[in-house]
Amino acid sequence: MELVWLLTGAIALYWLDRYQDKIADRMAGEAFDQVSETRNGKTYSGKTAIIHRKKHIGHVFMPLFPSLDHDIKALCQTEDNHWFWYHAQIKNMKLVHTEINPVSIEAALEAMDEDETGTCREEKS
């Protein structure tokens, strides 16, 4: 009987973790749609940008428990062929920080060519 309870608890924790990941994605997506920034005469807007690569990292404080802190990065391209990294940081399931970092075309293509298991390198401007 204990095995059934243990299995039920593990399934519930797994489901809750996936659900929290979806909520974090939704929070970052809503902030992405609202972000618009102009740097050096170039406008970076989330509404018109195309996301080419996305990385979602959930910071787990204890194994098998759902994460409350998330980092979401997306490599995006504007309609004018300008590239940027969008970064959203979520702490305790609240959006605390969003940031746009423009990158060169070369850095964007390099990030797109990297293996899915590799890390996306970000060029600081």
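- Remark: the backbone N or O of Ile100 is paired with a side-chain donor or acceptor of Arg39 at under 3.5 angstrom.
- Inter-residue side-chain proximity for Ile23 and Ile90 is flagged as unmet; no heavy-atom pair is nearer than 4.5 Å.
- The two residues His70 and Gly58 come nearest to each other via the heavy atoms ND1-CA, 3.8 Å.
- No side-chain heavy atom of Phe84 sits under 4.5 Å from any side-chain heavy atom of Asn101.
- Distance check, rounded to the nearest 0.5 Å: NZ of Lys42 to CG of Asn81 gives 10.5 Å.
- By the ring-ring contact (aromatic ring centres under 6.0 Å, His included) test, His97 pairs with no residue at all, sequence neighbours left out.
- A salt bridge links Asp21 to Arg18: one of the charged nitrogens lies within less than 4.0 Å of a carboxylate oxygen.
- Taking CH2 of Trp85 as the reference point, atom CD of Glu99 lies at 12.5 Å (rounded to 0.5 Å).
- Here the straight-line distance linking atom CG of Leu16 with atom CD1 of Ile11 works out to 13.5 Å at 0.5 Å rounding.
- Val103 and Leu75 make their closest contact through CG2-CD1, 4.3 Å (heavy atoms, listed as atom of the first residue, atom of the second, distance).
- Between the side chain of Thr38 and the main chain of Gly41, no donor-acceptor pair closer than 3.5 Å is present.
- Residues Met93 and Met27 share a closest heavy-atom pair of O-CE, 3.4 Å.
- Under the 4.5 Å side-chain heavy-atom criterion for grouping Ile, Leu, Val, Met, Phe, Trp and Tyr, Leu95 is connected to Tyr19 within one hydrophobic cluster.
- No side-chain heavy atom of Val35 sits under 4.5 Å from any side-chain heavy atom of Ser45.
- Judged as a ring-ring contact (aromatic ring centres under 6.0 Å, His included), and not counting sequence neighbours, His59 has no contacts.
- Contact check for Thr98 versus His87: no side-chain heavy atoms found under the 4.5 Å cut-off.
- Here the straight-line distance linking atom CD of Glu110 with atom CD1 of Ile105 works out to 14.0 Å at 0.5 Å rounding.
- Side-chain atoms of Phe32 and Ile51, non-hydrogen and from C-beta on, do get closer than 4.5 Å to each other.
- Within the 4.5 Å cutoff, the side chain of Ile50 has no heavy atoms near those of the Cys76 side chain.
- Contact detail for Asp71 and Gln89: the closest heavy-atom pair is OD1-CG, 3.4 Å.
- Under a 3.5 Å cut-off, the side chain of Tyr44 and the backbone N or O of Trp83 do not form any donor-acceptor pair.
- Looking only at side-chain heavy atoms (C-beta outward), Ser67 and Asp17 come within less than 4.5 Å of each other.
- By the rule that hydrophobic residues join a cluster once side-chain heavy atoms approach within less than 4.5 Å of another member, Leu68 and Leu13 end up as members of separate clusters.
- Remark: Asp25 engages Lys54 in a salt bridge, criterion side-chain N to carboxylate O under 4.0 Å.
- In terms of the ring-ring contact (aromatic ring centres under 6.0 Å, His included) criterion, His82 has no residue partners (sequence neighbours excluded).
- Atom CG of Asn40 has 12 or fewer neighbouring heavy atoms from other residues, nucleotides or ligands inside a 6.0 Å radius.
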